[in-house]
Structure formats: C-alpha cells, structure tokens
Protein chains: 2
Amino acid sequence: MASYKNKKVITIGIVSELTGLTERKIRYYEERKLIFPDRSSGGTRKFSFHDIELLMDIAEKMEDGMQTFEIRKQAKRAETEFEAKNRMRRGQLNAAFNMRKG
Amino acid sequence: MASYKNKKVITIGIVSELTGLTERKIRYYEERKLIFPDRSSGGTRKFSFHDIELLMDIAEKMEDGMQTFEIRKQAKRAETEFEAKNRMRRGQLNAAFNMRKG
DNA sequence: CGTGTAAGGAATTCTGACACG
DNA sequence: CGTGTAAGGAATTCTGACACG
C-alpha cells in the first residue's frame, strides 16, 4: 500500500521540473517545515511523489496569498484531526470486539 | 493509471541502493538493452519504479546463469505476445461492435 | 561475457550570505 | 516574508578504457 507514492527517491532538480517550482522555493518550504525530504548519506535531498503533490498544494496556497506559517498551521490541524479520527475508530473497533467477547 | 510506477525520476545511485546492484551492472544492462532509462538534459540517467522491478527480475535471472542476450530475447518475446493479445482483443471488440451496429 | 576499478571531467546539489522589499 | 543570485565546495554521475577470465 502506498508503496511508490511515499518512497523518498527523487532529487530536487526533478522535483523542480515536475512542480514548476524553483529549487530555492523548495528548499525554503523545507526550512519552514512544510515538507520533510530525506537525505542521502552525502546530504542530497530525496523527495517522494507525495511530497511533490504536497508542493503543488503549497504552491497553490502561496499563490492565493497564504503565508508559510498559515499553511503549516493548516497542515498540523489536518493531521491532528486525522489522528483523532483514527483513535476514535480504534476505540469503536475495540468496543465491538469486547461486546462479542463479553 | 500507472502514474507513479512509470515516471522516470530516479537517479542511478538510488536505483543501486534499492536493487542492491552496482552502478556498473545497471549501466551494463542498459548497454545490453535490458532497460531504457531516460536522460536529463545534462545526461544523467533517470529510472522509474518499473525499471527497478525489471532490474530485480534481471538480477534473479543473471544469478540463475542466464545471459543478457537470453534475457533480452525473453523480454522481446513476452512483449510480442502481449501486443498480439491486444490486437486480438481489439479485433473482438470491433466485431462485437459491428454485430450490434448490424 | 560480465564486472571491477582508477581517471578525468561534467552535471547536480549543498550551505550561508547578501539583496530587495 | 519570500525569493533571486553569485560563490565555493562537495557529492553524484558520466564515459572510455584496462583488467580478468
């Protein structure tokens, strides 16, 4: 599942081509913690296709005048909600399981 | 469809890590026309995840003592069969379509 | 035939800084 | 704040060749 999409294997030059963003912008968005590329042993950044999609979303929001800290805040909120939903789902599954057991 | 799997975006160093093959071997298999990476404007090879899977198949066959020209022949044959199947399927579809059309 | 290696050069990427606004 | 750019260096990749077998 998600085997290709989340593998960090793409260098910044190709990400730049695919997204249309300059390398400068991509590095800056990393600095602002909007994306989290891996690094090779030599220090070269490695991105996933998921990162590329994220960058295109980010680019759109930047064009709409949003600032990096807002985008970051939004992303964090979305992630928190996601985790809450997961906890809730697991809770319900456990409840159902205990019902049957009990 | 196949959006990520066939995009040529991965450099040889990472392909080497992912497949466990040396760069030398990967370049040689290209020379023998077993794989067909793209090139950047500067000449750097770019591979897809599909290429990586191919390389792992190739590696296995090499370990079994198969020679590159045999592997190539086998690949060509498989491709020919694949295309024949496609032509046949299209032919049947057309026939069915013409039937209905009367 | 298939692969390792040393060689020299070119393409790619990295960081920190200055600039502008 | 967000981004361009020139600077210098380091990591990455490329090709052609020699070696061995």
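A note on names: the letters A, B, ... follow the listed sequences, proteins ahead of strands, and every chain is numbered from 1. The shown structure was predicted, so the numbers you read here are calculated from the model rather than taken from an experiment.
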Next on the checklist: Closer than 4.0 angstrom, basic N to acidic O: yes or no for B:K85 and B:E79?
Outcome noted: no

Checklist entry - Can we say B:K61 and B:E70 salt-bridge, meaning some charged N sits less than 4.0 Å from an Asp/Glu carboxylate O? => result no

Next on the checklist: In whole Å, I'd like the distance from the CD atom of B:E30 to the P atom of D:dC14.
Outcome noted: 8 Å

Item to check | 5'-most by nearest nucleotide on DNA chain D - A:T68 or B:T44 | outcome: A:T68

Checklist entry - Do A:N86 side-chain atoms and A:E83 backbone N/O form a donor-acceptor pair below 3.5 Å? => result no

Checklist outcome for this item: Testing D:dT3, C:dT12, C:dC14 for proximity to the side chain of A:R45, the answer is C:dC14

Next on the checklist: When you measure from the side-chain N and O atoms of A:R39 to the phosphate of C:dT15, is any distance below 4.0 Å, counting only OP1 and OP2?
Outcome noted: yes

Checklist entry - In whole angstrom, what separates B:L55's CG from C:dG2's P? => result 15 Å

Checklist entry - Within this structure, what is the OH-to-P distance between B:Y28 and C:dG2, rounded to whole angstrom? => result 4 Å

Checklist entry - What's the CD-P distance between A:E31 and D:dG2, to the nearest Å? => result 10 Å

Next on the checklist: Please report the distance, rounded to the nearest Å, between CD1 in B:I14 and P in D:dT12.
Outcome noted: 9 Å

Item to check | Salt-bridge contact A:D38-A:R45 (side-chain N to carboxylate O under 4.0 Å) | outcome: no

Checklist entry - D:dT13, D:dT3, D:dG2: which one has an atom nearest the side-chain heavy atoms of B:T11? => result D:dT13

Checklist entry - Given D:dC18, C:dG2, C:dC14, which nucleotide is nearest the side-chain atoms of B:R24? => result D:dC18

Checklist entry - How close or far is atom P of C:dG2 from atom CZ of B:R72, stated in whole angstroms? => result 13 Å

Checklist entry - Mapping B:S41 and B:T22 onto DNA chain C by nearest heavy atom, which one lands closer to the 5' end? => result B:T22

